[in-house]
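Here the structure comes first, spelled out in structure tokens, and everything after it is commentary.
Values in this document were obtained by computation on a predicted structure and should not be read as measured data. We name chains A, B, ... by the order of the sequence lines, and we start the count at 1 in each one.
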Protein chains: 2
Amino acid sequence: MIENDLFKALADPTRRTIFEKLAHGSMNASDLRQGMTISQPAMSQHLAVLRKARLVREERQGRFVNYQVDPEGLALIAGWLAKYRAYWPARIDALKDLLKDMDQ
Amino acid sequence: MIENDLFKALADPTRRTIFEKLAHGSMNASDLRQGMTISQPAMSQHLAVLRKARLVREERQGRFVNYQVDPEGLALIAGWLAKYRAYWPARIDALKDLLKDMDQ
DNA sequence: GAATCAAATAAGTGTGTGCTTATATGTTGT
DNA sequence: ACAACATATAAGCACACACTTATTTGATTC
């Protein structure tokens with residue numbers, strides 16, 4: 001169940017930090033560790049969880065593995081959220097503005 | 001950290017089921033148990049977690065406690081998601097259709 | 001092909017989480 | 001005040017999870 005993998009992946013603050021880092025630009029696993037007190041295997045394990053949740057994609061480049069945000073995971077969350085659109089009417093206008101921005 | 005409470009709350013499939021039930025209409029804790037093989041304390045504990053995450057609101061009515069979706073939690077997720085809007089361009093059209101539906 | 005470096009996997013450990021049963025609290029009606 | 005019912009809390013337990021160190025796999029360079 002992909003939805004479960006998704007929310008479980010995001011339930012860990014360290015993984016959300018990693019994801020956020022990648023959102024600012026793709027990086028290899030070593031660079032991701034910069035500024036985070038985290039062992040190499042821990043990072044590797046977190047990335048595996050994020051991969052399984054489709055929040056992140058890997059791409060081997062020589063002996064490095066470059067990681068980047070996988071839009072698929074975000075789209076799945078957006079899809080989940082959309083099911084409950086009846087409950088965020090106050091945010092509709094804000095979202096519309098957002099989409100208008102994205103047109104340009 | 002509310003964001004952490006949120007994703008942790010949604011990481012459990014039983015809680016997502018409870019939330020989905022409430023999205024279809026507010027209910028008290030007993031009615032929520034209908035059709036779910038789950039003890040009364042377990043339900044109570046799950047509701048406490050959902051409450052803490054602002055995904056759900058309680059409202060005492062006599063000796064029952066009526067539960068309903070709290071839009072605040074959903075809005076927070078939408079806010080989190082919005083941070084990464086750069087990564088879901090492929091879904092823009094689908095979202096637009098969604099918003100068009102919401103206009104009516 | 002041996003040395004070197006990046007990343008993944010294995011195995012073990014402490015803590016967190018979701019459940020259970022038992023009990024307490026809150027509210028209603030007699 | 002007491003019985004009955006809805007919900008919450010307490011305590012304990014089994015399992016999941018995030019970490020660690022040690023080792024393996026993958027890729028480059030000499």
Side-chain angles (χ1 to χ4, degrees), chain A residues 1-22 25-70 73 77, chain B residues 1-22 25-70 73 77:
Chain A
M1 200 219 244
I2 181 71
E3 206 165 73
N4 202 50
D5 291 337
L6 250 175
F7 286 117
K8 278 216 153 74
L10 291 171
D12 183 77
T14 305
R15 278 194 292 268
R16 288 199 303 278
T17 301
I18 293 170
F19 182 78
E20 192 144 1
K21 273 195 159 190
L22 287 176
S26 56
M27 273 189 237
N28 60 54
S30 298
D31 290 345
L32 273 170
R33 286 180 63 205
Q34 294 290 358
M36 306 188 67
T37 314
I38 188 177
S39 68
Q40 180 270 315
M43 174 59 75
S44 182
Q45 287 158 16
H46 280 309
L47 287 169
V49 173
L50 290 168
R51 246 185 289 137
K52 198 184 173 204
R54 308 218 202 178
L55 282 163
V56 142
R57 253 210 281 257
E58 68 173 358
E59 188 182 341
R60 250 226 184 250
Q61 280 181 356
R63 52 182 157 188
F64 294 84
V65 177
N66 206 267
Y67 278 95
Q68 58 189 285
V69 167
D70 183 348
I77 297 179
Chain B
M1 202 217 243
I2 182 72
E3 206 167 74
N4 202 50
D5 292 336
L6 250 174
F7 286 117
K8 278 217 152 73
L10 290 171
D12 182 76
T14 305
R15 278 194 292 268
R16 288 198 304 277
T17 301
I18 294 170
F19 182 77
E20 192 145 1
K21 274 194 157 191
L22 287 176
S26 55
M27 272 190 240
N28 61 53
S30 298
D31 291 345
L32 273 170
R33 286 181 63 204
Q34 293 291 355
M36 306 188 67
T37 313
I38 187 178
S39 69
Q40 178 271 315
M43 175 59 75
S44 182
Q45 287 159 17
H46 280 309
L47 287 169
V49 173
L50 289 168
R51 246 185 290 138
K52 198 184 173 204
R54 307 220 203 175
L55 283 163
V56 142
R57 253 210 281 258
E58 70 174 357
E59 186 182 342
R60 234 200 207 265
Q61 281 180 356
R63 51 181 157 188
F64 294 84
V65 177
N66 207 267
Y67 278 93
Q68 59 189 285
V69 167
D70 183 348
I77 297 178

Measure from the side chain of Val65(B), starting at C-beta and using heavy atoms only, and say which of dG18(C), dC19(D), dT7(D) lies closest.
dT7(D)

With rounding to the nearest 0.5 Å, note down the distance linking CZ in Phe7(A) to CD1 in Ile77(A).
6.0 Å

Quiz question: going by heavy-atom distance under 3.5 Å, is there a donor-acceptor pair between the base of dT7(D) and the side chain of Gln45(B)?
no

If I take atom CD1 from residue Ile38(B) and atom CD1 from residue Ile18(B), how far apart are they, to the nearest 0.5 angstrom?
5.0 Å

Quick check on dC19(C): is either OP1 or OP2 less than 4.0 Å from any side-chain nitrogen or oxygen of Thr14(B)?
yes

Interatomic distance, Arg33(B) atom CZ to Met27(B) atom CE [nearest 0.5 angstrom]:
13.5 Å

Asn66(A) CG - dA6(C) C1' separation (whole Å)
13 Å

Might you confirm whether atom CZ of Arg16(A) has over 12 heavy atoms from other residues, nucleotides or ligands at distances under 6.0 Å?
yes

Check if the side chain of Gln40(B) and the base of dA8(D) share a donor-acceptor pair of N or O atoms closer than 3.5 Å.
yes

Pro41(B) has a side chain; which of dT21(C), dA8(C), dA7(C) sits nearest to it?
dT21(C)

Which atoms form the tightest heavy-atom contact between Ala11(A) and Asn4(B), and what is the distance?
O-OD1, 3.4 Å

Reckon Ser44(A) has a side-chain N or O less than 4.0 Å from the OP1 or OP2 of dA7(C)?
no

Please give, in whole Å, the distance from dG18(C) P to Arg16(B) CZ?
11 Å

What is the distance from CD1 of Ile18(A) to C1' of dC19(D), rounded to the nearest Å?
13 Å

Sequence-aligned protein contact record of nucleotides 25-30 of chain C, with B where the base is within under 4.0 Å of a protein heavy atom and S where only the sugar-phosphate is:
-BBS--

Winner on side-chain proximity to Arg51(B), out of dT7(D), dA8(D), dT21(D), is dA8(D)

Provide, to the nearest angstrom, the distance between the CG atom belonging to Asp12(A) and the P atom belonging to dT17(C).
11 Å

Please give, in whole Å, the distance from dA18(D) C1' to Leu47(A) CG?
14 Å

Report yes if a side-chain nitrogen or oxygen of Tyr67(A) is closer than 4.0 Å to either non-bridging phosphate oxygen (OP1 or OP2) of dA8(C); otherwise report no.
yes

Just checking Arg54(B): does its CZ atom have more than 12 heavy atoms from other residues, nucleotides or ligands closer to it than 6.0 angstrom?
no

Nearest listed nucleotide, side chain of Lys8(B), among dC17(D), dT7(D), dT17(C):
dT17(C)

Roughly how far apart are Leu22(A) CG and Thr17(A) OG1, rounded to 0.5 Å?
11.0 Å

Rounded off to whole Å, could you give me the CD1-to-C1' distance for the Ile38(B) and dC19(C) pair?
9 Å

Measure the distance from CD on Glu59(A) to P on dA8(C) and round it to the nearest whole Å.
14 Å

Rounded interatomic separation in angstrom, taking CE from Met43(A) and P from dA18(D)
14 Å

Look at the side-chain N and O atoms of Ser39(A) and state whether any lies under 4.0 Å from the OP1 or OP2 oxygen of dT20(D).
yes

Going from OH on Tyr67(A) to CE on Met43(A), what distance comes out if it is rounded to the nearest 0.5 angstrom?
10.0 Å

Within less than 4.0 Å of OP1 or OP2 of dA7(C), is there a side-chain N or O belonging to Arg33(A)?
no

